[in-house]
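Single-structure report; data block below.
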Amino acid sequence: MDLTFLKDDTLLAAKNLLGKKITTEIDGKLTSGYITEVEAYLGEQDKAAHAYQLRRTKKNEMMYREYGGVYVYTMHGHHCMNFITRDATMPEGVLIRAIEPEEGIDTMIERRGRAVNLTDGPGKLTQSLGVKRDLHNGTRLNEGPIQLSEGRMPVQIIESKRIGIDNKEEAVEYLYRFTVKGNPYVSKDRVKPEEKNGWKA
DNA sequence: CAGAAGATGGGCT
DNA sequence: GCCCATCTTCTGG
């Protein structure tokens, strides 16, 4: 699909990512799901971003690339996946925090070692999809094992504060987290499922 | 049952 | 030492 929507405003790109389908084909197994929760990280101006004030390290080097790249970092032994937006001078991106499982659920259960909470958190969904930092950091969407395609449309998008950044001063207050209203496959909050899990059609 | 608390953990500076 | 998380256990209603 056309990825140019990742090139411009990162907040808009984040909202447009909701409902898109992520498909991975890793270790010969196909898994997929629809994006239900994302967070935008705005680089230079954003105290919660890895690239705040254009900080550049071996770890976040990937953010200084053209839109469409995949940035994977590790946290407490878990992998977190971001899609890079903008261009090489603007290290911005969108953290994928949760998806609604679609295909390959048996594979997800196998990889996770449990049958519940497969994809309702940034470290969980990467484990279910088989995404690893050493193999997939620096790859590009639709040019490798990680594919992005059209999926579903959220009825309504909820804006909220980002998770896990309580020591980032004013950045804590930014409403840069976006979730599909009525979809239970999200991190932290327990959501009562609405009709069609909050998707149109 | 929900929410809080504690342990765990890897890659970087 | 710092950090965009998860799981298990403990607590209280």
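Reckoned from all heavy atoms, side chains included, excluding hydrogens, waters and symmetry mates.
By the 4.5 Å heavy-atom criterion applied to side chains, A:Gln147 and A:Ile22 are not counted as neighbours.
Side-chain atoms of A:Lys58 lie closest to B:dT13 of the nucleotides C:dC7, C:dA5, B:dT13. Of the candidates C:dT6, B:dT13, C:dC4, the closest approach to any side-chain atom of A:Asn82 belongs to C:dC4.
The interatomic distance linking A:Arg55 (CZ) with C:dC2 (P) rounds to 13 Å, in whole Å. Spacing between atom CZ of A:Arg112 and atom P of C:dT6 amounts to 8 Å, rounded to whole angstrom units. Atoms CG (A:Asn60) and C1' (C:dC2) sit 14 Å apart, rounded to a whole Å. Remark: P of C:dT6 and OH of A:Tyr73 are 9 Å apart, rounded to the nearest angstrom. Nucleotide C:dC7 holds its P atom 7 Å from the CD atom of A:Gln127, rounded to whole Å. Taking atom CG on A:Asn117 and atom P on C:dC7, their separation rounds to 7 Å, with Å as the unit. Atom CG in A:Leu95 sits roughly 10 Å away from atom P in C:dC4 (whole-Å rounding). In this structure, A:Asp166 places its CG atom 15 Å from C1' of B:dA5, rounding to the nearest Å.
Ion pairing between A:Glu103 and A:Lys21 holds under the 4.0 Å rule for side-chain N and carboxylate O. Salt bridge A:Asp166/A:Lys161: absent, no basic N to carboxylate O contact under 4.0 Å.
Residue A:Lys168 places at least one side-chain N or O under 4.0 Å from the OP1 or OP2 atom of C:dC4. Contact check, A:Arg97 against C:dA5: a side-chain N or O comes under 4.0 Å of OP1 or OP2. Within the 4.0 Å cut-off from OP1 or OP2 of B:dG3, at least one side-chain nitrogen or oxygen of A:Arg190 is found. Residue A:Arg162 places none of its side-chain N or O atoms closer than 4.0 Å to OP1 or OP2 of C:dA5. For A:Lys188 and B:dG3, the shortest distance from a side-chain N or O to OP1 or OP2 is not below 4.0 Å.
With hydrogens and angles left out, the side-chain atoms of A:Thr31 and A:Thr107 include no donor and acceptor closer than 3.5 Å.
Taking a centre distance below 5.5 Å and an interplanar angle below 30 degrees as the stacking criterion, A:His78 does not stack against the six-membered base ring of C:dT6.
Nucleotide C:dC4 forms no Watson-Crick or G-U wobble pair with any nucleotide shown, as no partner meets the under 3.5 Å limit on both distances.
Among the heavy atoms of the strands, none lies under 4.0 Å from A:Arg177.
When each of A:Tyr41, A:Tyr73, A:Tyr71 is checked for a side-chain hydrogen bond (donor to acceptor under 3.5 Å, both in side chains) with A:His50, only A:Tyr71 meets the rule.
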